[in-house]
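Notes for the one structure printed next.
Computed from a predicted structure; not experimentally measured. So you know, we letter chains A, B, ... as the sequences are listed, proteins then strands, and number each from 1.
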There are 2 protein chains.
Amino acid sequence: MSCGKRLAEQLHERGYRVTAQRTIILETIAHMEDHISAQQVYEGARERLPGLNLATVYRTVESLKGAGMINMLSTGGEPMRFSLCDPEHPHSHLVCRECGSIFEVEAEEIEAFARRVEEITSFRIDSVHLTLEGLCQICKQKQAAP
Amino acid sequence: MSCGKRLAEQLHERGYRVTAQRTIILETIAHMEDHISAQQVYEGARERLPGLNLATVYRTVESLKGAGMINMLSTGGEPMRFSLCDPEHPHSHLVCRECGSIFEVEAEEIEAFARRVEEITSFRIDSVHLTLEGLCQICKQKQAAP
DNA sequence: TAAGTTTATGCAAATCTTTGCAACTACGAA
DNA sequence: TTCGTAGTTGCAAAGATTTGCATAAACTTA
Ligand SMILES: [Mn+2]
Ligand SMILES: [Mn+2]
Ligand SMILES: [Zn+2]
Ligand SMILES: [Zn+2]
């Protein structure tokens, strides 16, 4: 089965309608290496669906997030970015507040932390795709030696 | 010493210039009970500084964040909100994706988690003021019984 | 397959946030 | 105190994101 077809099926299973827009937007995000902005999703998807509207991109990523199929990443200042959820490779993001670079970190501690919060609060935590801000190694060193 | 004066002093110590705008915006955030939006900061601060511009509010909260004096909280969909950092009471936020309500959670696990990430990555984590999304107890129960 | 119902989309307008630039101000040095 | 410089601000314009509404498409049921 094609990648797009499998993704569409997942969408359907989770109670979302399968539209051309959703399918193509999802594939566009899936096939990109990096985390991409709404504008980039729009440009990529519009090649296969010329009538597509940017507002639909925003509404769709909201739905895809709700379906647990994509992650949203907000890096200080810059526009929101999106990436496909990979259950095999859950991770969080570190964003350097100096140079803006993004690192991924797999930390099994995250899941434990989320479960602990659920215990304390009786909330049900959906997303543990965290974004932490700080200084990357390079910017940290630069700041140490002025 | 007045609350505003102490805050201004902290700002100065951290290498930021102390302007009327910054002082008043900081006090406005400090004196609000809840986390407030840029628009609310603007309206509050403008009572004491009529010429204030909304763009200055946005630039100022960015600076105050950089100085480690306020927290930013982005609740899915809604505009960004701000609150004063209280070193005595560090906490994270839980946002219900159904009803939008916000809960605070003090979890000593957060700090440990951040330090662990620093070990793994050689990043320096600044902010561990996390926002986790999920379902609050009420919305969780509603969803269980349809 | 043919409605009927519900949800999604496009479009345009509103809202929220960032930015370029010229005038202004804080603050350290003289 | 005065001056020089780098950092801030207001304003207007641009960029990003959300929303209301009429139309169109997806799914349900018959
Ligand atoms: Mn990622
Ligand atoms: Mn808080
Ligand atoms: Zn960096
Ligand atoms: Zn709720």
Side-chain angles (χ1 to χ4, degrees), chain A residues 4-5 7-26 28 35-43 45-46 48-67 69-70 72-82 97 100 146, chain B residues 4-5 7-26 28 35-43 45-46 48-67 69-70 72-82 97 100 146:
Chain A
K5 202 126 188 190
L7 291 172
E9 211 162 76
Q10 269 182 48
L11 203 51
H12 186 256
E13 279 164 13
R14 296 173 195 199
Y16 291 79
R17 290 194 179 178
V18 176
T19 65
Q21 286 86 343
R22 285 180 178 172
T23 307
I24 289 175
I25 286 171
L26 194 44
T28 302
H35 311 82
I36 62 179
S37 68
Q39 187 63 42
Q40 287 174 300
V41 172
Y42 176 58
E43 284 163 15
R46 205 170 38 160
R48 295 169 56 199
L49 199 66
L52 181 66
N53 191 281
L54 184 53
T56 301
V57 172
Y58 280 105
R59 278 188 287 226
T60 299
V61 292
E62 203 55 55
S63 300
L64 295 176
K65 177 80 192 317
M69 301 190 64
I70 66 171
M72 291 185 168
L73 163 60
S74 86
T75 77
E78 271 153 72
M80 188 74 79
R81 304 219 251 156
F82 314 94
R97 65 175 157 77
Chain B
K5 202 127 190 190
L7 291 172
E9 211 162 78
Q10 270 180 48
L11 204 50
H12 186 257
E13 280 165 14
R14 297 172 196 200
Y16 290 80
R17 291 198 178 176
V18 176
T19 66
Q21 287 85 343
R22 286 180 177 171
T23 307
I24 289 175
I25 286 171
L26 192 45
T28 303
H35 311 83
I36 61 178
S37 68
Q39 187 63 42
Q40 287 173 301
V41 173
Y42 176 57
E43 283 162 17
R46 205 169 37 161
R48 294 169 56 198
L49 200 65
L52 181 66
N53 191 280
L54 184 53
T56 301
V57 172
Y58 280 104
R59 280 188 286 227
T60 298
V61 291
E62 204 56 55
S63 301
L64 296 176
K65 176 77 190 319
M69 301 190 65
I70 66 171
M72 291 185 169
L73 163 60
S74 85
T75 78
E78 273 153 71
M80 188 73 81
R81 304 218 251 156
F82 315 94
R97 66 174 156 79

Specify the separation, in whole Å, of atom CD1 of B/Ile25 and atom C1' of D/dG10. 12 Å

Would you please confirm or rule out a distance under 4.0 Å between OP1 or OP2 of C/dT17 and any side-chain N or O of B/Tyr58? yes

Integer-rounded Å distance: C/dT17 P and B/Gln39 CD: 9 Å

What integer distance in Å separates A/Arg59:CZ from D/dA24:C1'? 13 Å

Side chain to side chain contact (heavy atoms under 4.5 Å, CB included) between A/Gln39 and A/Leu54, worked out: CA-CA 8 Å; A/Gln39 187 63 42; A/Leu54 184 53; 4.1 Å; yes

Rounded to the nearest 0.5 Å, what separation is found between the CZ atom of A/Arg81 and the CD1 atom of A/Ile70? 13.5 Å

I need the A/Met69 CE to A/Arg22 CZ distance, nearest 0.5 Å. 11.0 Å

Gap between atoms NZ and P, on A/Lys65 and D/dT18 respectively (whole Å): 12 Å

Protein within reach of the bases, or only the backbone? For nucleotides 23-30 of chain C, mark each nucleotide 5' to 3' as B, S or -, using heavy atoms under 4.0 Å. ---BSS--

To the closest 0.5 Å, what do you measure between CD (A/Glu78) and CG (A/Leu73)? 9.5 Å

Could you give the CG-to-P distance, from B/Asn53 to C/dC16, as a whole number of Å? 15 Å

Show the numbers, then the answer: is there a side chain to side chain contact (heavy atoms under 4.5 Å, CB included) between A/Thr60 and A/Leu26? CA-CA 9 Å; A/Thr60 299; A/Leu26 194 44; over 6 Å; no

If only side-chain N and O atoms of B/Arg22 are considered, is one of them under 4.0 Å from the OP1 or OP2 phosphate oxygen of D/dT8? yes

Under 4.0 Å from OP1 or OP2 of D/dG10: is there any side-chain N or O of B/Gln21 that close? yes

Closest of C/dC16, C/dT9, C/dC11 to the A/Ala55 side chain is C/dC11

Distance, rounded to the nearest Å, where A/Leu54 contributes CG and C/dA13 contributes P: 16 Å

Measure the distance from OH on A/Tyr42 to P on D/dA16 and round it to the nearest whole Å. 13 Å

Over-ring placement of A/Arg46 relative to A/Tyr42, 6.0 Å and 45° cut-offs: yes

For B/Glu78 and C/dT17, give me the distance from atom CD to atom P, rounded to whole Å. 11 Å

Apply side chain to side chain contact (heavy atoms under 4.5 Å, CB included) to residues A/Gln40 and A/His35 and explain how you reach the verdict. CA-CA 10 Å; A/Gln40 287 174 300; A/His35 311 82; over 6 Å; no

